[in-house]
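See structure below.
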Amino acid sequence: MRIMQKLTGAMTAIIVIAVSSAALASVSFVSGEVTGTWEADSIIVTGAVNVPSGEMLTIEPGVNVFFLDYFAFEIKDNAVLHAVGTESDYIRFVPFNDGDRTLGLDFINASSSSILEYVHIADALTSGIHLNNSGITVRNSLIEDNEAPTGSIGGGGIEILNNSSALIENNVIRNNYSADYGGGIYIDNSSPVVTGNIIENNLAGYYGSAAGGGIAVYGNSNPEITFNSITSNSVNPVGNFFVRRGYGGAIYYSGESSGLISDNHIFDNVVDSEPQTETFGGGLYITGASPMVENNVIAYNQAQGNDGGGIFLYNSNSTFINNTVSFNSAGDFGGAVYSQNSNPTFINSILYFNQDSTGNEIWTENSYVAVYFSDIQGGWQGQGNIDIDPMFRDNENGDFHLMSTMCGDSYDSPAIDAGDSSIFDNYLNCDAGLGTERSDLGAYGGQGTPTTDINDPVEDLVPESFLLAQNYPNPFNASTSIEFSLENGADVTVEVFDVLGKKVQTLADGHRSAGNHMVTWDASKQSTGVYFYRITADGSTETRKMSLLK
């Protein structure tokens with residue numbers, strides 16, 4: 001087997017068991033009540049664990065928490081979990097065996113002092129993180145490949161319930177699944193701040209109705225959803241139902257909610273069309289709620305079956321200020337916006353290059369849509385509205401800034417200085433507002449802060465200087481081969497440890513050239529059991545597990 005590509009994020013949860021610059025010094029086995037400090041390289045969870053009421057558990061950087069089975073990890077009334085890793089030493093909560101699942105982390109009335117930072121949570125057969133009346137902080141973490149199955153409420157990545165005023169900041173939330181609502185995040189009767197996250201490739205869909213591929217909001221909630229990249233999420237309602245409905249490829253927003261949706265990039269989300277399926281709101285679906293929606297780019301989303309390629313509104317009176325809604329598509333009506341029983345207002349916005357079956361940017365049903373100082377393809381009645389190509393800088397590559405000769409472009413967009421005369425651009429530069437007389441149209445004008453690209457806080461989670469393959473065969477009897485690949489020549493050490501952290505053998509210790517290499521371990525004199533093998537090169541370390549069966 002040749003190793004020719006770098007590990008991807010989706011593979012991380014399955015393959016990478018430990019990445020730490022420290023030595024594999026110790027292993028601890030835990031169950032029941034847990035407090036104090038975890039410093040061992042590997043914590044093996046052998047039964048349900050909980051941080052008792054009023055107590056605190058601290059987990060040091062680089063600790064790997066392995067679950068042997070579906071064991072609960074609960075943080076109870078006013079208890080504190082302080083799991084703060086570093087950019088180079090994440091704390092991991094993953095199954096012990098490849099292909100197994102965990103039950104995630106469950107915060108129940110936990111202290112607001114609880115914090116998860118630089119942690120990796122993967123492969124939970126429930127929400128990766130469940131919050132119930134717990135205002136914790138989750139920051140700079142990777143939450144992936146978790147699943148909220150049939151019978152749960154929602155939130156494949158994170159479930160936020162019952163007055164949980166959490167801070168969810170600068171995380172990557174990807175490849176999670178909910179059978180019903182909120183593939184990435186589910187919010188119900190809570191008002192968290194969800195800011196600066198990458199929310200991508202999450203899925204909601206199984207029952208007759210499914211909603212919110214990226215985020216679903218329910219109940220009396222007032223979240224702030226700001227500065228996120230919400231991309232490539234989907235809703236795919238399946239199952240044995242005569243009519244199935246899907247809502248909100250990126251965000252489903254409902255109930256008595258208000259709150260804020262601001263400065264997000266909402267791209268390439270889909271509500272899938274299947275036979276006998278009704279699908280609405282490729283980007284946003286807002287029903288019964290009226291959040292403020294401003295300074296967002298909503299582009300390339302699809303409501304494949306029915307209505308509202310960019311936005312679907314039902315019984316909503318939201319105000320939309322300085323949004324760019326472009327290149328979305330609907331199978332039936334409202335390429336940009338479908339408004340039903342609603343009275344929304346659009347100001348300083350661009351609705352252009354969207355597609356539906358009739359060529360209408362906005363489709364109304366029992367609604368009055370007020371539009372002012374906006375660029376609407378096909379035109380729309382209202383003060384200050386125009387109908388002209390907005391001249392985006394490079395929309396084919398996702399850049400929806402307006403063209404400007406002062407920024408090196410060939411033309412000046414007609415959307416510069418075309419906004420409401422009472423609104424001025426707070427920021428004037430090539431990445432934000434461009435005109436000085438009044439606000440520009442679209443996501444980069446007006447009174448909001450400039451929408452910026454979101455950096456991936458976990459892109460360096462897996463070191464790129466080398467790759468370590470799974471040993472083969474595994475499990476094995478007597479001997480097994482271990483292959484690794486070096487990007488550059490380096491001094492390399494490959495060692496084997498038993499489950500208690502005792503070094504059993506050194507398989508390689510010296511300089512190796514760039515390329516693929518293989519070592520063999522003869523374990524004929526060892527006992528049946530689980531062993532770890534570790535490679536160290538250029539100051540980085542990767543460890544994997546193998547099983548000897550005689």
Side-chain angles (χ1 to χ4, degrees), residues 13 26-85 90-97 100-139 141-143 145-149 151-168 176 186 188 190 192:
S26 60
V27 176
S28 295
F29 299 86
V30 299
S31 63
E33 294 185 348
V34 290
T35 60
T37 301
W38 287 354
E39 299 177 297
D41 291 326
S42 298
I43 301 292
I44 311 298
V45 180
T46 61
V49 296
N50 69 85
V51 184
S53 299
E55 298 293 335
M56 180 173 179
L57 173 65
T58 299
I59 305 178
E60 294 294 328
V63 172
N64 297 279
V65 182
F66 297 132
F67 293 80
L68 285 179
D69 209 333
Y70 295 92
F71 298 130
F73 193 129
E74 296 182 346
I75 299 88
K76 295 190 172 182
D77 294 358
N78 205 36
V80 177
L81 175 61
H82 191 268
V84 178
Y90 273 64
I91 297 168
R92 289 174 174 77
F93 299 88
V94 295
F96 185 79
N97 294 303
D100 282 355
R101 311 301 293 269
T102 78
L103 289 181
L105 301 181
D106 196 356
F107 292 81
I108 307 170
N109 304 315
S111 169
S112 59
S113 298
S114 293
I115 181 170
L116 303 174
E117 184 164 9
Y118 290 112
V119 303
H120 179 201
I121 299 172
D123 293 309
L125 191 59
T126 179
S127 303
I129 301 171
H130 169 82
L131 306 179
N132 190 328
N133 189 31
S134 298
I136 77 167
T137 295
V138 182
R139 180 185 292 128
S141 294
L142 173 60
I143 302 157
D145 298 312
N146 303 289
E147 177 179 338
S152 62
I153 298 176
I158 305 176
E159 184 180 46
I160 305 173
L161 308 178
N162 299 327
N163 301 309
S164 293
S165 55
L167 174 61
I168 312 297
N176 300 287
Y186 177 83
D188 193 355
S190 295

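Positions are given from 1 along the sequence.
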Reported [atom1]-to-[atom2] distance for the pair [X] and [Y], which is rounded to 0.5 angstrom:
X: Glu39; Y: Glu60; atom1: CD; atom2: CD; value: 5.5 Å
X: Thr137; Y: His82; atom1: OG1; atom2: NE2; value: 10.0 Å
X: Ile160; Y: Leu131; atom1: CD1; atom2: CG; value: 5.5 Å
X: Asn64; Y: Ile59; atom1: CG; atom2: CD1; value: 10.5 Å
X: His120; Y: Asp145; atom1: NE2; atom2: CG; value: 7.0 Å
X: Phe96; Y: Leu68; atom1: CZ; atom2: CG; value: 6.0 Å

Please tell me if the side chains of [X] and [Y] come closer than 4.5 Å, counting only heavy atoms from C-beta onward.
X: Val49; Y: Phe71; value: no
X: Val45; Y: Val65; value: yes
X: Ile129; Y: Ile168; value: no
X: Ile108; Y: Lys76; value: no
X: Tyr70; Y: Thr102; value: no

Original post:
Tell me the side chain to side chain donor-acceptor pair (under 3.5 Å) pairs involving residues 154-166, sequence neighbours left out?
Top reply: His130-Glu159, Asn132-Asn162
Shortest non-hydrogen contact between [X] and [Y], atoms and distance:
X: Ala124; Y: Leu103; value: CB-C, 4.2 Å
X: Ser134; Y: Asn109; value: OG-N, 3.1 Å
X: Ser127; Y: Gly154; value: OG-O, 3.4 Å
X: Val84; Y: Pro61; value: O-CG, 3.5 Å
X: Leu125; Y: Pro149; value: O-CD, 4.0 Å

Taking the side chain from [X] and the backbone from [Y], do they hold a donor-acceptor pair closer than 3.5 Å?
X: Asn78; Y: Ser111; result: no
X: Ser141; Y: Val119; result: yes
X: Ser114; Y: Ser112; result: no
X: Asn176; Y: Asn146; result: yes
X: Thr35; Y: Glu55; result: no

**OP:** Check the pair Asp106, Asn50 against side chain to side chain contact (heavy atoms under 4.5 Å, CB included), reporting the backbone distance first and the verdict last.
**Re:** CA-CA 9 Å; Asp106 196 356; Asn50 69 85; over 6 Å; no
**OP:** For the pair Phe67 and Phe93, name the ring-plane relationship: parallel under 30°, tilted 30 to 60°, perpendicular over 60°.
**Re:** tilted
